[in-house]
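Below is one structure, written out as structure tokens; comments come after it.
These numbers come from the heavy atoms of this one structure, side chains and all, not from hydrogens, waters or symmetry mates.
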Amino acid sequence: MRFVRMPQYVLTGALALLFLFPLVWASYASVSPQPGTAQTSGWGFGNYETLADYQAGIGQYLLNSTLVSAMTVLFTLGVATFGGYAFAMFRFPGRNALFLVTLAILMVPYATLLIPLYVLLNELGLQNSLFGLALVLTMFQLPFAVFMMRISFEAIPRDLKESAEVDGCGSFRALTHILIPAVKPGLITVGLFAFLAAWNDFITPLVLISDSEKLPLPLAVANMRQQVMGIVDYGATEAGVVVLALPCIVLFLALQRHYVRGFMSGALKG
């Protein structure tokens, strides 16, 4: 049996090495000596010191990215939970048509929406603000998030909701006390996707944020890599890549079990 599965082990191991190689190479380059960087000789953390001291400081940029990502996750979970609950548990005219319209947003390249959104946020006084940036990132996440939460709620037997209502729970109380704990894997999957999208997004803050002290970390790293006379500081850039990747890796490894269960719930429902 072990020999039968050997090709699978070889293939999965090769894919793991393929995907891990860029991160391992970036980690190696960030501490190895390179000409034209802060770490010109020996091994050390000179490139990380350059990153830490860049303009407003890495602490400020990390705070900006954390705030934007946290708001995006909270807004996405809030709207997607109620939206998915409504689509899954209630029957109303035009339900499927409205759901298809929601999913159709995925077919629109989000870069084409940034200029109209820039004008709208400027009218609302939210342009160049982390709150406005989080709202835009939430909008881009909602189609997938609502879809994910709908199939998560549909995977729950309707008898569970009806039993709660017979016992005196209203729709809202049944949602908060009975159904939400049952769809925790779906919530974690949606939250993880929203975090990764907000944490790593580059184009949206590039268009909407003009204050250098409000930049998220990806933009700060991109700005830092261009030094005097067009010389690229590869060491500091690789250090920025490592700092950007670490929270994503830690969260994914910590939530992997729930993440897989969230997708499996929809697959089993289908």
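Every residue was checked against the side-chain hydrogen bond (donor to acceptor under 3.5 Å, both in side chains) condition with Tyr118, not counting sequence neighbours, and none meets it. By the side chain to side chain contact (heavy atoms under 4.5 Å, CB included) test, Ala182 is found to be paired with Ile156, residues two or more places apart in sequence or in another chain being considered. Partners of Val101 according to the side chain to side chain contact (heavy atoms under 4.5 Å, CB included) rule, which considers only residues two or more places apart in sequence or in another chain, do not exist here. Under the side chain to side chain contact (heavy atoms under 4.5 Å, CB included) criterion, Gln55 pairs with Tyr61, Ser212, sequence neighbours left out.
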Under 3.5 Å donor-acceptor pairs involving side-chain atoms of residues 191-202, not counting sequence neighbours:
residue: Trp199; atom: NE1; partner: Leu244; partner atom: O; Å: 2.9
residue: Asn200; atom: ND2; partner: Leu196; partner atom: O; Å: 2.9
residue: Asp201; atom: OD1; partner: Thr204; partner atom: N; Å: 2.9
residue: Asp201; atom: OD1; partner: Thr204; partner atom: OG1; Å: 3.0

Quiz: residues 75-82 side-chain donor-acceptor pairs under 3.5 angstrom, not counting sequence neighbours:
residue: Thr76; atom: OG1; partner: Thr72; partner atom: O; Å: 2.6
residue: Thr81; atom: OG1; partner: Leu77; partner atom: O; Å: 2.5

Give every donor-acceptor pair under 3.5 Å between a side-chain atom in residues 126-148 and any protein atom, sequence neighbours left out.
residue: Gln127; atom: NE2; partner: Leu208; partner atom: O; Å: 3.1
residue: Asn128; atom: OD1; partner: Ser210; partner atom: N; Å: 2.9
residue: Asn128; atom: OD1; partner: Ser210; partner atom: OG; Å: 3.4
residue: Asn128; atom: OD1; partner: Asp211; partner atom: N; Å: 3.0
residue: Ser129; atom: OG; partner: Leu126; partner atom: O; Å: 2.5
residue: Ser129; atom: OG; partner: Gly132; partner atom: N; Å: 3.0
residue: Thr138; atom: OG1; partner: Ala134; partner atom: O; Å: 2.7

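Because its NZ or CZ atom is both nearer than 6.0 Å to the ring centre of Phe99 and within 45° of the ring axis, Arg150 counts as a cation-pi partner of that residue.
Annotation: side chain of Tyr110 is not in contact with side chain of Ile105 (no heavy-atom distance under 4.5 Å). The shortest side-chain heavy-atom distance between Leu114 and Ile203 falls under the 4.5 Å cut-off. The shortest side-chain heavy-atom distance between Val31 and Tyr48 falls under the 4.5 Å cut-off. By the 4.5 Å heavy-atom criterion applied to side chains, Asn64 and Glu213 are not counted as neighbours. Residues Ser69 and Thr66 form no side-chain contact, since every pair of their non-hydrogen atoms from C-beta on lies 4.5 Å or further apart. At a threshold of 4.5 Å between non-hydrogen side-chain atoms, the residues Ile180 and Lys184 do not count as touching.
Residue Leu74 shares its hydrophobic cluster (ILVMFWY side chains chained together at separations under 4.5 Å) with no other residue. Hydrophobic cluster membership of Leu100, counting Ile, Leu, Val, Met, Phe, Trp and Tyr whose side-chain heavy atoms lie under 4.5 Å apart directly or via other members: none, as it forms a cluster of its own. Residue Trp25 shares its hydrophobic cluster (ILVMFWY side chains chained together at separations under 4.5 Å) with Phe21.
With hydrophobic clusters built from ILVMFWY side chains whose heavy atoms lie under 4.5 angstrom apart, Val242 shares a cluster with Trp43. Residues Val241 and Leu215 are members of separate hydrophobic clusters, defined by side-chain heavy-atom contacts under 4.5 angstrom among Ile, Leu, Val, Met, Phe, Trp and Tyr. Follow the hydrophobic side-chain contacts under 4.5 Å out from Leu20 and you never reach Leu15; the two are in separate clusters.
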Item to check | Worked check of side-chain contact (heavy atoms from CB on, under 4.5 Å) between Leu179 and Val183 | outcome: CA-CA 6 Å; Leu179 299 181; Val183 297; 5.6 Å; no
Next on the checklist: Is there a side-chain contact (heavy atoms from CB on, under 4.5 Å) between Tyr85 and Phe90? Walk through the geometry before answering.
Outcome noted: CA-CA 8 Å; Tyr85 177 61; Phe90 296 100; 3.6 Å; yes
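The two residues Gly186 and Ser152 come nearest to each other via the heavy atoms CA-OG, 3.7 Å. Scanning both residues, Ala29 and Glu238, for their nearest heavy atoms gives CB-CG, 3.8 Å. Nearest heavy-atom pair, Pro109 versus Met107, reported as atom, atom and distance to 0.1 Å: CD-O, 3.5 Å.
At most 12 non-hydrogen atoms from other residues, nucleotides or ligands lie less than 6.0 angstrom from CZ of Phe19.
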